[in-house]
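For reference, positions follow the sequence shown, starting with 1. Just so it is clear, the structure is predicted and the values come from calculations on it, not from any experiment.
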Amino acid sequence: MEHDPFEDVLIYFSKSLLGKKGEEDILWDMAKNCISKLGFEDCVIYLVNHNDILVPKAAHGPKNTHNTEDGPIEIPLGQGICGHVAKTAKVEIVNDTSKDPRYIKDGAAGLSEICVPITCDGVLYGVIDCEHPELDFFYGQTS
């Protein structure tokens with residue numbers, strides 16, 4: 001039987017949650033581990049607020065502060081790639097963000113982006129958004 005490296009990552013993620021003391025600890029751990037264990041360079045975790053807006057709650061990598069001059073970037077559902085993923089609740093990989101008119105540039109631009117909805121029992125809670133400066137970086141990552 002062939003060894004699956006993604007299985008190791010899933011086991012690591014599940015064990016890393018032990019001892020966490022709440023939502024904030026869990027989200028920051030997830031963002032950090034998306035980068036360190038999956039080889040990503042940038043990860044932002046958004047949660048949906050009561051106004052159906054994605055609000056950044058944890059970030060790791062170049063966008064660690066995830067701020068613009070006007071403060072943190074908040075994304076209405078349906079806008080941008082993350083907002084689209086939130087609305088459809090479907091994973092999306094964009095291999096060249098420079099060709100996608102939905103892409104919202106927020107500092108250092110990534111050429112590849114993967115967005116994964118966070119759902120439970122059909123309820124959307126947020127989106128995990130990772131970007132990478134290389135084209136086609138996430139191609140084949142979900143197979």
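- For His132, the side-chain hydrogen bond (donor to acceptor under 3.5 Å, both in side chains) partners two or more places apart in sequence, or in a different chain, are Glu41.
- Annotation: side chain of Cys43 is not in contact with side chain of Lys32 (no heavy-atom distance under 4.5 Å).
- Asp25 pairs by the salt bridge (Lys or Arg N to Asp or Glu O under 4.0 Å) definition with nothing, not counting sequence neighbours.
- Note on Val123 and Ile53: separate hydrophobic clusters, where clusters join Ile, Leu, Val, Met, Phe, Trp and Tyr whose side-chain heavy atoms are under 4.5 Å apart, directly or indirectly.
- One finds a salt bridge joining Glu92 and Arg102 here, because a Lys/Arg side-chain nitrogen approaches an Asp/Glu carboxylate oxygen to under 4.0 Å.
- For Asp136, there are no salt bridge (Lys or Arg N to Asp or Glu O under 4.0 Å) partners two or more places apart in sequence or in a different chain.
- Not a single side-chain hydrogen bond (donor to acceptor under 3.5 Å, both in side chains) links Asp52 to another residue, sequence neighbours left out.
- The backbone N or O of Glu134 sits less than 3.5 Å from a side-chain atom of Ser112, completing a donor-acceptor pair.
- Between Ile75 and Cys82, the closest side-chain pair of non-hydrogen atoms falls below 4.5 Å.
- Taking 4.5 Å as the limit, some side-chain heavy atom of Leu77 sits within range of a side-chain heavy atom of Val48.
- Side-chain atoms of Ile118 and Ile128, non-hydrogen and from C-beta on, do get closer than 4.5 Å to each other.
- The ring-ring contact (aromatic ring centres under 6.0 Å, His included) pairs that include a residue from residues 112-131 number zero, where partners must be two or more places apart or lie in different chains.
- When all heavy atoms are compared, the tightest approach of Phe40 to Cys130 is CD1-SG, 3.4 Å.
- Within 6.0 Å of CD on Glu23 lie no more than 12 heavy atoms contributed by other residues, nucleotides or ligands.
- The closest side-chain heavy-atom distance from Glu113 to Asp129 is below 4.5 Å.
- A distance of 11.0 Å separates CG in Leu111 from CZ in Phe138, rounded to the nearest 0.5 Å.
- For Ser98, the side-chain hydrogen bond (donor to acceptor under 3.5 Å, both in side chains) partners are Asp96, not counting sequence neighbours.
- Put simply, the side chain of Leu135 does not reach to within 4.5 Å of the side chain of Asn95, judged on heavy atoms.
- A pairwise comparison of heavy atoms in Cys115 and Val127 identifies CB-CG1, 4.1 Å as the closest pair.
- Between Ile104 and Gly80, the shortest heavy-atom contact is CD1-CA, 3.7 Å.
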- Task: Could you go through the side chain to side chain contact (heavy atoms under 4.5 Å, CB included) check for Tyr103 and Val94 one step at a time?
- Result: CA-CA 9 Å; Tyr103 181 68; Val94 177; over 6 Å; no
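- Taking each heavy atom of Val85 and Pro117 in turn, the nearest pair found is CG1-CD, 3.6 Å.
- Taking CH2 of Trp28 as the reference point, atom NZ of Lys57 lies at 11.0 Å (rounded to 0.5 Å).
- Between Asn49 and Leu54 there is no side-chain heavy-atom pair separated by less than 4.5 Å.
- One distance of note links CD1 of Ile114 with CD1 of Ile93; it measures 4.0 Å at 0.5 Å rounding.
- Side-chain contact between Leu47 and Val55: absent, with no pair of heavy atoms (C-beta onward) separated by less than 4.5 Å.
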